[in-house]
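Values below: all heavy atoms of this structure, side chains included; hydrogens, waters and symmetry mates excluded.
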Amino acid sequence: MEILDEGIRQQDDRLPLGQDDWFRFLCLAILLIGTGLASLYSASSFFAVSKGLPAAYFFKKQAIFALAGLVLGLIMQPLPFEKIAKLSAFPLVGCAYLLMFLTLFTHFGVESLGARRWISLGPIPSFQPSEVVKLATICFIPALMELSLEKWVKDYLALFVVLSFSVLILMQRDYSTSVLYLAVNLLLCIMIGVSWKRLLSVLVFLPVPAAGLLLSEKYRLLRVVSFLFPSLDHQGINYQMSNSLKAIGSGGLLGKGIGQGIYKLGRLPEVHNDFIISNIGEETGLIGIAFVCFLFLCYAYFGLKASSREADNENLFFSRFLLGVTLMVVFQALVNLMVCTGLLPPTGIPLPFFSQGGTNLLIVIFESSFILKGLRETEGAL
């Protein structure tokens with residue numbers, strides 16, 4: 001009996017705690033991608049047909065970007081990410097700046113509904129450079145902190161990059177993405193040790209211009225008014241939010257059944273984009289929304305766990321990068337869920353893995369592959 005107990009103890013010593021976390025996260029990622037694609041097909045099929053397109057048009061486009069993200073993520077798994085990332089962090093930020101300037105100031109920028117958020121470069125499908133900016137920043141800031149520079153130089157350089165990209169995104173008339181990007185990356189700066197004094201010395205000048213910019217555009221002002229007065233003008237400024245809440249409420253606890261929603265039939269604009277959770281709520285009920293929330297809570301758990309393990313292994317660069325990835329995805333999901341349930345004004349922030357938008361999906365899947373890599377490496381998986 002003692003021999004058996006000793007054998008079990010030796011076996012336990014060889015198996016790190018949470019040996020299968022990488023596999024659980026892989027299953028979670030596949031579940032998020034699969035559920036997201038199925039939800040998008042249900043929400044977008046009528047809209048596609050109404051535009052003279054096949055019912056599966058948006059689903060197929062999204063699936064192609066999902067596949068591309070998976071392939072890139074698999075290619076990255078065996079590569080020495082830390083060395084590659086540190087070498088490419090500064091060039092990647094330079095590339096992000098170049099893409100933003102090309103979008104704003106050249107004919108490569110694609111204007112839609114008064115905004116220049118997309119860029120079209122020859123045969124490459126049009127995409128949003130702001131998604132590249134997100135990845136570049138969460139790679140750049142940890143790499144910057146590894147350099148042998150004065151602490152104040154690194155702090156101010158990190159803040160300059162974050163603020164300058166925020167301004168460029170704002171110039172694309174994407175106020176909500178700019179605010180989300182700024183909030184997440186400032187939080188990342190705080191969590192990895194940027195001086196509070198230097199941060200406050202910069203932030204003290206932001207509230208007034210931020211409020212001015214918020215109120216400078218009529219559509220932004222209307223969004224604030226609709227949020228503050230939800231009972232006002234349900235057929236006008238509160239039309240979208242009112243119908244979002246009605247769609248969710250009509251689903252009850254268990255929903256009407258997948259594919260049986262009626263608000264996606266023209267009653268709720270952008271139902272396959274920013275308000276896809278409203279269709280999920282109508283068709284699968286409160287249970288469906290709770291399930292989506294649970295998936296993102298699991299995502300946050302594994303992301304923070306991977307970051308913590310890398311920190312324990314004294315791999316601070318990878319730990320900080322994984323923290324940035326987790327914050328960006330989870331905060332984006334949180335903002336979208338709060339908007340669709342009336343807890344925040346409409347922002348135009350998509351729901352990761354779910355909302356239509358190939359660039360966002362590809363980047364999110366690619367970023368998520370690093371969480372998988374971090375969990376595998378710290379568990380000694382093959």
Side-chain angles (χ1 to χ4, degrees), residues 22 25 72-73 75-100 129-166 168 181-203 300 302-331 363-364 366-380:
W22 70 271
F25 179 76
L72 288 174
I75 291 173
M76 184 56 66
Q77 292 301 305
L79 299 180
F81 168 74
E82 185 172 0
K83 293 181 180 179
I84 295 173
K86 286 182 178 179
L87 289 173
S88 62
F90 287 83
L92 185 58
V93 164
C95 179
Y97 274 116
L98 177 61
L99 289 172
M100 293 297 287
S130 59
E131 298 298 334
V132 179
V133 167
K134 294 175 185 177
L135 177 60
T137 308
I138 60 177
C139 186
F140 170 80
I141 295 177
L144 175 64
M145 296 302 161
E146 299 280 306
L147 298 181
S148 299
L149 297 173
E150 293 289 336
K151 180 69 164 55
W152 69 269
V153 174
K154 293 189 287 188
D155 286 356
Y156 279 123
L157 185 54
L159 293 173
F160 170 78
V161 168
V162 172
L163 291 173
S164 61
F165 273 131
S166 298
L168 290 173
Y181 167 85
L182 181 65
V184 169
N185 283 287
L186 288 181
L187 179 60
L188 176 63
C189 286
I190 293 170
M191 295 181 74
I192 66 177
V194 170
S195 168
W196 272 97
K197 290 183 179 180
R198 298 184 186 112
L199 181 64
L200 291 175
S201 70
V202 173
L203 293 185
F302 285 115
L304 294 176
K305 191 169 189 177
S307 176
S308 176
R309 285 182 178 178
E310 291 292 349
D312 292 340
N313 290 342
E314 298 184 354
N315 190 350
L316 293 182
F317 170 80
F318 199 17
S319 173
R320 290 163 173 171
F321 175 81
L322 294 177
L323 177 61
V325 168
T326 305
L327 290 176
M328 187 62 71
V329 173
V330 173
F331 268 66
I363 295 294
V364 166
F366 182 58
E367 289 175 340
S368 300
S369 71
F370 294 109
I371 297 178
L372 176 66
K373 183 178 178 66
L375 290 171
R376 289 178 63 247
E377 289 179 349
T378 54
E379 293 172 4

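- Note that the CG atom of L375 and the CZ atom of F370 stand 13.5 Å from one another [nearest 0.5 Å].
- Not one N or O on the side chain of K134 forms a donor-acceptor pair closer than 3.5 Å with the backbone of V364.
- Sorted by first then second residue, the side chain to side chain donor-acceptor pair (under 3.5 Å) pairs that include residues 183-199, not counting sequence neighbours, are D155-R198.
- Atom CG of residue L144 and atom CG of residue L149 lie 7.0 Å apart, to the nearest 0.5 angstrom.
- Annotation: side-chain contact (heavy atoms from CB on, under 4.5 Å) contacts of L304 (sequence neighbours excluded): L323, T326.
- Proximity of I371 to K305: side-chain heavy atoms (C-beta onward) are nowhere separated by under 4.5 Å.
- Scanning all heavy atoms of the two residues, the minimum distance from S130 to M100 falls at N-SD, 4.1 Å.
- Side-chain N or O atoms of S319 include none that pairs as donor or acceptor with a backbone N or O of S308 at under 3.5 Å.
- Partners of S166 by side chain to side chain donor-acceptor pair (under 3.5 Å), not counting sequence neighbours: none found.
- In this structure, the side-chain contact (heavy atoms from CB on, under 4.5 Å) partners of S369, at least two apart in sequence or on a different chain, are Q77, F366.
- Annotation for G374 and L322: closest pair CA-CD1, 4.3 Å, computed over non-hydrogen atoms.
- You'll find the side chain of E377 stays beyond 4.5 Å of the side chain of R309, heavy atoms only.
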>> Applying side-chain contact (heavy atoms from CB on, under 4.5 Å) to I363 and E367, what does each step give before you reach the verdict?
In response: CA-CA 6 Å; I363 295 294; E367 289 175 340; 3.6 Å; yes
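- Between F25 and F302, the angle of the ring planes goes over 60°, which puts this pair in the perpendicular group of the 30/60° scheme.
- Scanning all heavy atoms of the two residues, the minimum distance from G193 to K151 falls at O-NZ, 2.8 Å.
- Residues satisfying the side-chain contact (heavy atoms from CB on, under 4.5 Å) criterion with P80, sequence neighbours excluded, are K83, I84.
- Every residue was checked against the ring pair (Phe, Tyr, Trp, His ring centres under 6.0 Å) condition with Y181, not counting sequence neighbours, and none meets it.
- Taking CE from M76 and CZ from F81, the interatomic distance works out to 7.0 Å, rounded to the nearest 0.5 Å.
- In this structure, L187 CG and I192 CD1 are separated by 10.5 Å, a value rounded to the nearest 0.5 Å.
- Inter-residue side-chain proximity for L135 and V325 is flagged as unmet; no heavy-atom pair is nearer than 4.5 Å.
- For E82, the side-chain contact (heavy atoms from CB on, under 4.5 Å) partners are K86, N315, F317, not counting sequence neighbours.
- The two residues I138 and F321 come nearest to each other via the heavy atoms O-CD1, 3.3 Å.
- Atoms CD1 and CE, from I141 and M191 in turn, are 12.5 Å apart once rounded to the nearest 0.5 Å.
- The shortest distance between side-chain heavy atoms of M328 and T137 does not fall below 4.5 Å.
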Determine all donor-acceptor pairs shorter than 3.5 Å in which one atom belongs to a side chain in residues 89-98; sequence neighbours excluded.
| residue | atom | partner | partner atom | Å |
| --- | --- | --- | --- | --- |
| Y97 | OH | S164 | OG | 2.5 |

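- Nearest heavy-atom pair across K373 and L79 is NZ-O, 2.9 Å.
- For K154, the salt bridge (Lys or Arg N to Asp or Glu O under 4.0 Å) test picks out no residue, with sequence neighbours left out.
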